[in-house]
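Comments concern the structure below.
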Amino acid sequence: MVGFETFLEPSSTERKTGMAYDLPEGVDIRGKYDAEFAKILSRDALQFVADLQREFRNHIKYAMECRKEAKMRYNNGGLPGFDPATKYIREREWVCAAVPPAVADRRVEITGPVERKMIINALNSGAKVFMADFEDALSPSWENLMRGQVNLRDAVNRTISFHDKARNRVYKLNDQTAKLFVRPRGWHLPESHIFIDGEPATGCLVDFGLYFFHNSMAFRRTQGEGFGPFFYLPKMEHSREAKIWNNVFERAERLAGIEKGSIRATVLIETLPAVFQMDEILYELRDHSVGLNCGRWDYIFSYVKTFQAHPDRLLPDRVLVGMTQHFMRSYSDLLIRTCHRRGVHAMGGMAAQIPIRDDPVANEAALELVRKDKLREVKAGHDGTWAAHPGLIPAIMEVFTNSMGNKANQIHTVKREDAANLTEEDLLQRPRGVRTMDGLRLNTRVGIQYLAAWFTGTGSVPLYNLMEDAATAEISRVQNWQWLKYGVELDGDGLRVKVTRELFGRVVDEEMARIEREVGQEKFKKGMYKEACKIFTRQCTTPILDDFLTLDAYNRIVIHHPKGSSSKL
């Protein structure tokens, strides 16, 4: 292969033949042809992705098999815990590579899908970091994924703009913008529009590979101050998965001719098994790590999924499973202690509230809840936190700055040695609280509406003054499944009724009627609410819990096109 710098300009081999992509051997694209996408899906870029796929696919398959084996252990009564074989990593003194100056201060980060207007607004939002999302906030249609790559390329090159015709307004980047992190999909998700050697590519390698190939050099100049690109890594369950990412990074760095440790990544601790692997995950990524993040909504989802065969570990209403629950607070405290001991950022969780523009009193009450949550985080020792909406950023920034002052972070000032005493029992303690009919109804309403939006191309959905993504929809799904499977009694509202399939069927019918009233008949008919209801209901009532809502739903948005078909967008 030629040097990576030369890949940034089209080579003589990067040419279109008619209206088809120019493909390297063994690669087949089944998504619709688009001339703009062809610039992203160049022959050399696809070769880079194919090389990653071929080198790491067996490692990925093994890691996914290990997940299945762990699931069987938990379903047979086992509990996740610290691995005795890696005790030496947890007890030894070592630190990760020094944090790059460009991302020393991450006190407020905003997240959102890789949509063009969203990217501009988020980079201009006043946050320190914008995490552009190919994962839970994005419906992974071919159009969304490839358009997202185009948008990120333009953002890194600072040529991105967006003309909002309805408002007759043009959006462009400010001189000062947030630092860009990109979150690829998890290891488990395929990219079924791209086949390599006869099988679907791994989604995250497509996301990472195309973005890195086209942007690594420009990013290091414009954003990273010699480092980068920067990433968020989702859904890991074990350090062996972090090791694969580390090897992917090292291979990419070698091909690009950049220094080892240039790429940096923050890992989301959003599965219950991963909380027992935090030291090990950081150790595998120690040359490439910039910390861990409390992915708390997915973490709650993972708690239910991990204990799906444990009827003694039923969750209360999801609104009651917050950071004041002992198992959630313990997870946060141990993450802070682990990160600061290893010299990297400990990032807090998502504030999902969105401004309530037509009710100032309710809006201020919601903002006050956000302030209290963020004050708890910064006092505990977190170095930064997430917001779902630009309207939250000033309030969150004020809370963190009032506590941290001029310090870029709290890595070296808040050690949380008290958290060294946290045990497996602390991290697994059963959540406390009641279960109500309102909780069952909310789960059902949110799950159906989120899935309907996802089917029509939207992965980040405002519902009831919260920004919902796949994580909160997953909580709704698995909690309904858990309550149905074990026939729980709704003990929080005086009804004392058991959750049965008959009761759930009535709730679904009534909530569908409510959704139709709320969104209006016209939108309801045009939307995919009935299809979403069918899928959501099936996933809540299936005897065996599906691992992910999006795996089943993904098959319904994959559209294969014959070679040579052109896009008329």
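Heavy atoms only: backbone and side chains are in, while hydrogens, waters and symmetry mates are out.
None of Trp454, Phe524, Phe536, Tyr450 except one satisfies the ring pair (Phe, Tyr, Trp, His ring centres under 6.0 Å) rule with Tyr529; the exception is Phe524.
Note that the CG atom of Asp22 and the CZ atom of Arg43 stand 5.0 Å from one another [nearest 0.5 Å]. We find the CZ-CG distance between Arg116 and Asp164 to be 13.5 Å, quoted to the nearest 0.5 Å. Here the straight-line distance linking atom CD of Gln449 with atom CD1 of Ile515 works out to 4.5 Å at 0.5 Å rounding. A distance of 11.0 Å separates CE in Met347 from CZ in Arg107, rounded to the nearest 0.5 Å. The CD1 atom of Ile448 lies 12.0 Å from the CD atom of Glu531; values are rounded to the nearest 0.5 Å. To the nearest 0.5 Å, atom NZ of residue Lys128 and atom CD1 of residue Ile393 are 11.0 Å apart.
Ring geometry, Tyr33 versus Tyr21: the interplanar angle falls from 30° to 60°, so the pair is classed tilted. Aromatic ring orientation, Tyr554 versus His193: perpendicular (interplanar angle above 60°, classes split at 30° and 60°).
Within 6.0 Å of the CD atom in Gln521, the count of heavy atoms belonging to other residues, nucleotides or ligands does not exceed 12.
With salt bridges taken as basic N to acidic carboxylate O contacts below 4.0 Å, none links Asp438 and Arg441. Contact check on Arg30 versus Asp28 returns a salt bridge, with a Lys/Arg side-chain nitrogen under 4.0 Å from an Asp/Glu carboxylate oxygen. Between Glu518 and Lys523, none of the side-chain N atoms (NZ, or NE/NH1/NH2) sits under 4.0 Å from a carboxylate O, so this pair counts as no salt bridge. Remark: Asp552 does not engage Arg477 in a salt bridge, criterion side-chain N to carboxylate O under 4.0 Å. Using a 4.0 Å cut-off between charged side-chain N and carboxylate O, Asp136 and Lys235 make a salt bridge. The pair Asp546-Arg538 meets the salt-bridge criterion, with a side-chain N (NZ, NE, NH1 or NH2) lying under 4.0 Å from an Asp/Glu carboxylate O.
Of the N and O atoms on the side chains of Ser262 and Arg220, at least one donor lies less than 3.5 Å from an acceptor on the other residue. The closest side-chain donor-acceptor pair between Thr111 and Arg183, if any, does not fall under 3.5 angstrom. Between Thr385 and Glu377, the side chains place a donor N or O and an acceptor N or O closer than 3.5 Å (distance only, hydrogens not considered). Ser302 and Glu270 share no side-chain donor-acceptor pair at under 3.5 Å.
The side-chain heavy atoms of Ile194 and Leu41, taken from C-beta on, include a pair separated by under 4.5 Å. Looking at Arg147 and Phe37, their side chains come closer than 4.5 Å, going by heavy atoms from C-beta outward. Inter-residue side-chain proximity for Trp245 and Val267 is flagged as unmet; no heavy-atom pair is nearer than 4.5 Å.
Trp297 and Phe301 have their aromatic ring centers separated by at least 6.0 angstrom. Ring pair Phe212/Phe219: centre-to-centre distance not below 6.0 Å.
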List the steps, then state whether ring pair (Phe, Tyr, Trp, His ring centres under 6.0 Å) holds for Tyr211 with Phe231.
-> CA-CA 11 Å; Tyr211 174 73; Phe231 295 92; 5.8 Å; yes
From CA spacing to verdict: side-chain contact (heavy atoms from CB on, under 4.5 Å), Met131, Ile110 | CA-CA 6 Å; Met131 187 203 77; Ile110 188 169; over 6 Å; no
